[in-house]
Amino acid sequence: MTHGYIDIAIAAALVIGGLFTLVGSVGLLKLRAPMARLHAPTKASTLGVGSILLASVLFAFASDAPSYHELLIIAFLFMTAPVSAYFISKVHIHLQNQRDPLPKPARDRIWATMAKREEDTPSVPEMKSEN
Amino acid sequence: MATRYIRRLFPHPLLSVALVIVWQFLSNDPSINSLVFGVILGVLLPFATAAYWPDRPQVTRPWKLIPYGLIVAWDIITANITVAMIVLFKRNDDIHSKWISIPLDVRTPEAITALAGTITLTPGTVSVDLSNEGHALLVHALHADNPEKVARKIKQRYERRLKEIFE
């Protein structure tokens, strides 16, 4: 097993990952508006976790036991993180605790979360059937 | 005639490919064994679940997803640094959070989902809601002095490319 550059790369990835996770936590404490606070953890979950997992991949390769699971973790994390952020912000809209009023949608009447009636929920637009 | 049978056997070709790749990563040991089993899964699972998933998602140019992914990865890194600077060094009163309404050109559900996901993953912006007919996306920006500029950047950088990939 050779040391050197790869160790430096692993250490750098760990430090960067830790740093951005820390910034995410600081943001959670520091920011005041609930919607602004939502921004902090989504950042930590992208670059923070991403580079820690990258360090794990590098370490696995350096110790001759290649592992690809981390890439799957990154892929699934990136697919699921927006969904949870979406639900949290939906709750904020329902609670209406934002300071600024929502802007008007460009062409439509209302935002889907505010819809009270059946016909106001989004329909699947112009789906082309291949059959 | 033949294409109909092929479609019957492979109702979701992209899903099959994705399953084979994911299985390769899961087994963590690239070999003929895991490849064969991955292919079996990739054929069997879409075939068995086809009844519950009648519409095939449209992806007209899937290979363009790769440069798109690289662009998004680069943007995540640079935007992370920008947002970290804002969080650490800007006073709370100086952070101007704004709602941004983005009119959409993309129409298919897959493209809108991908765009909303991209916006949330890029630091500084979170996609919040879709309008009732799906013509606009509500985005919250952590710090934006010029909402029009953010909306224009999102439309040019992401939406234009997603339109090429999905439509």
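Chain identifiers are assigned alphabetically (A, B, ...) following the order of the sequence lines, protein sequences preceding nucleic acid strands; residue numbering begins at 1 within each chain. It should be emphasised that the depicted structure is a prediction, and the values quoted were computed from it without experimental measurement.
- Taking L72(A) as the reference, F76(A), V22(B), F25(B), L26(B) meet the side chain to side chain contact (heavy atoms under 4.5 Å, CB included) condition, with sequence neighbours excluded.
- For the set L137(B), I100(B), L104(B), the entry with the most heavy-atom pairs within less than 4.5 Å of chain A is L137(B).
- Without hydrogens or angle criteria, D94(B) side chain to K90(B) main chain gives no donor-acceptor distance under 3.5 Å.
- For Y86(A), the OH atom counts as densely surrounded, since its 6.0 Å shell holds more than 12 non-hydrogen atoms of other residues, nucleotides or ligands.
- You'll find the side chain of L54(A) stays beyond 4.5 Å of the side chain of I74(A), heavy atoms only.
- Separation of the H39(A) and H140(B) ring centroids falls under the 6.0 Å cut-off.
- Contacts of I102(B) with chain A are absent, with no heavy-atom separation under 4.5 Å from either backbone or side chain.
- Counting heavy-atom pairs under 4.5 Å between each of V128(B), I21(B), N80(B) and chain A puts N80(B) at the top.
- For chain A, the nearby part of T122(B) is the backbone; its heavy atoms alone come within less than 4.5 Å.
- Side-chain contact check for L31(A) versus I95(B): some heavy-atom pair is nearer than 4.5 Å.
- Scanning residues 157-164 of chain B against chain A with a 4.5 Å non-hydrogen threshold yields no residues.
- When all heavy atoms of K98(B) and D145(B) are compared, the pair lying nearest together is NZ-O, 4.0 Å.
- Contact between L47(A) and F20(A) at its shortest, heavy atoms only, is CD2-CE1, 3.5 Å.
- For a residue to count as touching a neighbouring chain, one of its non-hydrogen atoms must lie under 4.5 Å from one of that chain's; by this rule A73(B) does not touch chain A.
- Using a 4.5 Å cut-off between heavy atoms, I81(B) contacts chain A through both its backbone and its side chain.
- With chain A as the partner, the residue from I77(B), V126(B), T118(B), L138(B) showing the most heavy-atom pairs under 4.5 Å is L138(B).
- For the pair M79(A) and V83(A), the tightest heavy-atom approach, listed with the atom from each and the gap, is O-CG2, 3.8 Å.
- For the pair A55(A) and L14(A), the tightest heavy-atom approach, listed with the atom from each and the gap, is CB-CG, 3.8 Å.
- Between chain A and the residues T120(B), V87(B), N92(B), the largest count of heavy-atom pairs under 4.5 Å involves N92(B).
- A pairwise comparison of heavy atoms in S51(A) and I16(A) identifies OG-C, 3.8 Å as the closest pair.
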- [ ] Take L28(A) and R37(A), measure what side chain to side chain contact (heavy atoms under 4.5 Å, CB included) needs, and give me the verdict at the end.
- [x] CA-CA 5 Å; L28(A) 208 57; R37(A) 220 175 264 157; 3.8 Å; yes

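- Contacts between V83(B) and chain A at a heavy-atom distance below 4.5 Å involve the side chain alone, from C-beta outward.
- Residue contact with chain B, scored on non-hydrogen atoms closer than 4.5 Å, involves the backbone and the side chain of F78(A) alike.
- Neither the backbone nor the side chain of I119(B) comes within contact range of chain A; no heavy atoms are under 4.5 Å apart.
- Chain B forms more heavy-atom pairs under 4.5 Å with one residue of A85(A), A36(A), G27(A) than with any other, namely A36(A).
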- [ ] Please assess I76(B) against L121(B) for the test side chain to side chain contact (heavy atoms under 4.5 Å, CB included), listing each intermediate value before the final yes or no.
- [x] CA-CA 7 Å; I76(B) 285 175; L121(B) 284 179; 4.2 Å; yes

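- Considering only heavy-atom pairs separated by less than 4.5 Å from chain A, the leading option among A141(B), A116(B), A79(B), S27(B) is A141(B).
- With a 4.5 angstrom heavy-atom cutoff, T125(B) touches chain A only via backbone atoms.
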